[in-house]
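Written out below as structure tokens is the structure these notes cover.
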Amino acid sequence: MLLNFLPPSWPDMLHLGGRIDGEYVRNVTGGRECSAAADLFAYGHLRLDTRRLGLGDGHIYLQVLAALNANGNRPDGGADLIQAVSNLYAGQHLRLTKFYYTAYRGPNIYRFGILNVTDYFNVVDGAQYLLNSSFSPVPDIADNIAATPTTPYSGLGVTMSHRWQNDVLRAGFFQGDSIQPFTETFSRGSFSIVEWDHQSRLQKAGVQWQLGAWQYVQRRELAPRTGPAGNGLYGAVAIGGQQRGAFVMASRNLSGGNPVTSFVGVGMYFFGLLPGRSEDVTALGLANAWLQGGGVETVWELSYRLRLADDLFLRPDLQYSPHPAGIYPSSLTALLRMRWSF
């Protein structure tokens with residue numbers, strides 16, 4: 001193993017790990033068609049503490065993704081939802097998805113390199129227990145901008161955050177075409193985002209308030225591939241304790257916005273609803289996306305996260321939409337996801 005050939009101090013500086021995600025999706029009825037899709041993800045990462053390298057308090061992080069999609073389709077089994085039923089999809093890729101340096105300087109944190117915007121922005125407590133892609137990030141970003149700097153197309157960029165008391169102010173600037181990360185890097189456009197987060201307490205529960213704004217700029221001829229230029233606002237409120245919680249998310253495009261112009265999503269989660277299963281999580285969600293030209297796409301979701309072992313989870317999930325993309329017959333989609341971390 002590599003660590004055996006390094007000086008004795010390296011095991012304290014270097015961390016190697018990864019995870020495997022597998023998912024099967026079937027549209028049971030309705031939608032555009034009834035079919036199935038499957039995805040397999042394998043991640044490997046390296047985290048290097050930079051204090052002993054003389055670079056100050058911080059770390060270098062590298063992540064590689066190997067993704068395999070069984071038939072190349074979006075993971076919706078033919079439901080053809082604008083709000084994809086799964087946030088796990090990368091086609092067939094072997095790709096460097098993260099490679100960045102993080103510096104901690106008092107109340108400030110700086111990052112630059114190949115980054116994933118959804119690791120730091122629009123992260124809402126409780127939303128991680130739902131699989132529909134609308135819950136991270138909001139769909140008038142993710143579904144309108146094909147080149148959003150997120151998996152598998154993490155992009156070159158820089159983020160900064162400043163914390164004071166219970167508040168955090170974050171800002172980020174990314175390349176506008178993360179699909180082509182090293183081609184005319186910033187001349188093809190840019191994605192900018194700023195966010196304020198506030199944490200407070202309500203009796204025994206924690207409360208999170210979030211407000212953000214974003215702007216996407218790109219060459220007009222790239223719009224069919226990367227999405228139309230635009231800007232917008234989003235916000236969220238989440239409340240949660242050790243056993244249960246709930247959240248509300250909303251967003252609005254101020255300009256641009258194709259196909260999604262506005263979004264409202266709500267969700268709640270519960271630990272240990274079944275006897276003897278205190279670490280399992282049951283989650284309910286409702287996502288509404290208003291579409292350009294009229295129409296609303298609504299998705300109801302029921303998800304259950306079953307903990308099989310310390311680092312092994314199984315997650316069955318059902319999603320129902322009365323009118324996928326605002327035009328197709330009512331659909332019912334079933335998902336089964338497995339995650340193993342090591």
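Since the model is a prediction, treat every value here as computed from it, not as a measurement. In what follows, residues are counted from 1 in the order of the sequence shown.
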Examine [X] and [Y] and state if one hydrophobic cluster contains both, with Ile, Leu, Val, Met, Phe, Trp and Tyr joined whenever side-chain heavy atoms are less than 4.5 Å apart.
| X | Y | result |
| --- | --- | --- |
| Phe99 | Leu16 | yes |
| Leu308 | Phe342 | yes |
| Tyr110 | Tyr101 | no |
| Val123 | Val117 | no |
| Leu169 | Val237 | yes |

Side-chain ([X]) to main-chain ([Y]) donor-acceptor, under 3.5 angstrom:
| X | Y | value |
| --- | --- | --- |
| Arg201 | Lys204 | yes |
| Gln218 | Thr226 | no |
| Thr118 | Ser136 | no |
| Ser86 | Leu88 | yes |
| Gln83 | Pro139 | no |

For [X], which residues count as a side chain to side chain donor-acceptor pair (under 3.5 Å) partner, sequence neighbours excluded?
| X | result |
| --- | --- |
| Arg95 | none |
| Tyr61 | none |
| Tyr129 | none |
| Asp167 | Trp196, His198 |

Between [X] and [Y], what is the shortest heavy-atom contact and its length?
| X | Y | value |
| --- | --- | --- |
| Trp209 | Ser200 | NE1-OG, 4.0 Å |
| Leu130 | Gly267 | CD1-CA, 4.4 Å |
| Ser35 | Gly78 | OG-N, 3.6 Å |
| Thr333 | Leu335 | O-CD1, 4.1 Å |
| Gly176 | Ala147 | O-CB, 3.7 Å |
| Ser134 | Ala287 | CB-CB, 4.2 Å |

Would you say the side chain of [Y] lies within less than 4.5 Å of the side chain of [X], judging by non-hydrogen atoms?
| X | Y | value |
| --- | --- | --- |
| Asp125 | Ile239 | no |
| Phe263 | Met249 | yes |
| Thr159 | Tyr100 | no |

Rounded at 0.5 Å granularity, tell me how far [atom1] in [X] sits from [atom2] in [Y].
| X | Y | atom1 | atom2 | value |
| --- | --- | --- | --- | --- |
| Ser251 | Leu233 | OG | CG | 9.0 Å |
| Leu115 | Thr102 | CG | OG1 | 7.5 Å |
| Ile114 | Leu96 | CD1 | CG | 4.5 Å |
| Asn116 | Thr150 | CG | OG1 | 3.5 Å |
| Leu286 | Glu301 | CG | CD | 10.5 Å |

Check whether more than 12 heavy atoms from other residues, nucleotides or ligands sit under 6.0 Å from atom [atom1] of [X], and answer yes or no.
| X | atom1 | result |
| --- | --- | --- |
| Gln165 | CD | no |
| Met268 | CE | no |
| Arg244 | CZ | no |
| Phe173 | CZ | yes |

With salt bridge (charged side-chain N to carboxylate O under 4.0 Å, His left out) as the rule and sequence neighbours excluded, what pairs involving [range] come up?
| range | answer |
| --- | --- |
| residues 96-107 | Lys98-Asp119 |
| residues 169-178 | Arg170-Glu195, Arg170-Asp197, Asp177-Arg188 |
| residues 328-342 | Asp21-Arg339, Glu23-Arg337 |

Problem set entry | From CA spacing to verdict: side-chain contact (heavy atoms from CB on, under 4.5 Å), Asp280, Thr282 | CA-CA 7 Å; Asp280 291 356; Thr282 305; over 6 Å; no
Mind listing the side-chain donor-acceptor pairs of residues 312-329 below 3.5 Å, one per line with the distance, residues two or more places apart or on another chain?
from, atom 1, to, atom 2, distance (Å)
Arg315, NH1, Gln128, O, 3.3
Asp317, OD1, Gln319, NE2, 3.2
Asp317, OD2, Ser303, OG, 3.1
Gln319, OE1, Asn132, ND2, 2.9
Gln319, NE2, Val85, O, 2.7
Tyr320, OH, Ser330, OG, 3.4
Ser321, OG, Thr298, O, 2.8
Tyr328, OH, Asp80, OD2, 3.2

For this session: Take the angle between the ring planes of Tyr269 and Phe271 and call it parallel below 30°, perpendicular above 60°, tilted in between.
Result: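 The rings of Tyr269 and Phe271 stand perpendicular, inter-plane angle above 60°.
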Exercise. Should the pair Phe174 and Phe121 be assigned to parallel (<30°), tilted (30 to 60°) or perpendicular (>60°) ring geometry?
Worked result: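 The rings of Phe174 and Phe121 stand perpendicular, inter-plane angle above 60°.
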Exercise. Between Trp214 and Tyr216, does the ring centre distance come in under 6.0 Å?
Worked result: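 No, ring centres 6.0 Å or more apart.
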For this session: I would like to know whether Gln210 and Asn122 meet side chain to side chain donor-acceptor pair (under 3.5 Å); could you show each step before the answer?
Result: CA-CA 8 Å; Gln210 182 183 94; Asn122 200 206; 3.0 Å; yes
Report, one line per pair, each donor and acceptor closer than 3.5 Å where one atom sits in a side chain of residues 253-262; sequence neighbours left out.
from, atom 1, to, atom 2, distance (Å)
Ser255, OG, Asn231, ND2, 3.1
Thr261, OG1, Trp290, O, 3.2
Ser262, OG, Arg252, NH1, 2.6

Under the side chain to side chain contact (heavy atoms under 4.5 Å, CB included) rule, collect the residues that match up with [X], sequence neighbours excluded.
| X | value |
| --- | --- |
| Ala146 | none |
| Leu65 | Phe41, Tyr43, Ala67, Ala90, Thr97, Thr151, Pro152 |
| Ala127 | Val124, Phe135, Phe247 |

For this session: Evaluate side-chain contact (heavy atoms from CB on, under 4.5 Å) for Leu14 paired with Leu46, printing each intermediate quantity in order.
Result: CA-CA 7 Å; Leu14 188 65; Leu46 176 152; 3.5 Å; yes
Exercise. Could you walk me through whether Tyr304 and Leu274 pass the side-chain contact (heavy atoms from CB on, under 4.5 Å) check?
Worked result: CA-CA 11 Å; Tyr304 188 81; Leu274 298 181; 3.3 Å; yes
For this session: Show the numbers, then the answer: is there a side-chain contact (heavy atoms from CB on, under 4.5 Å) between Leu53 and Met13?
Result: CA-CA 9 Å; Leu53 299 179; Met13 299 171 57; 3.8 Å; yes
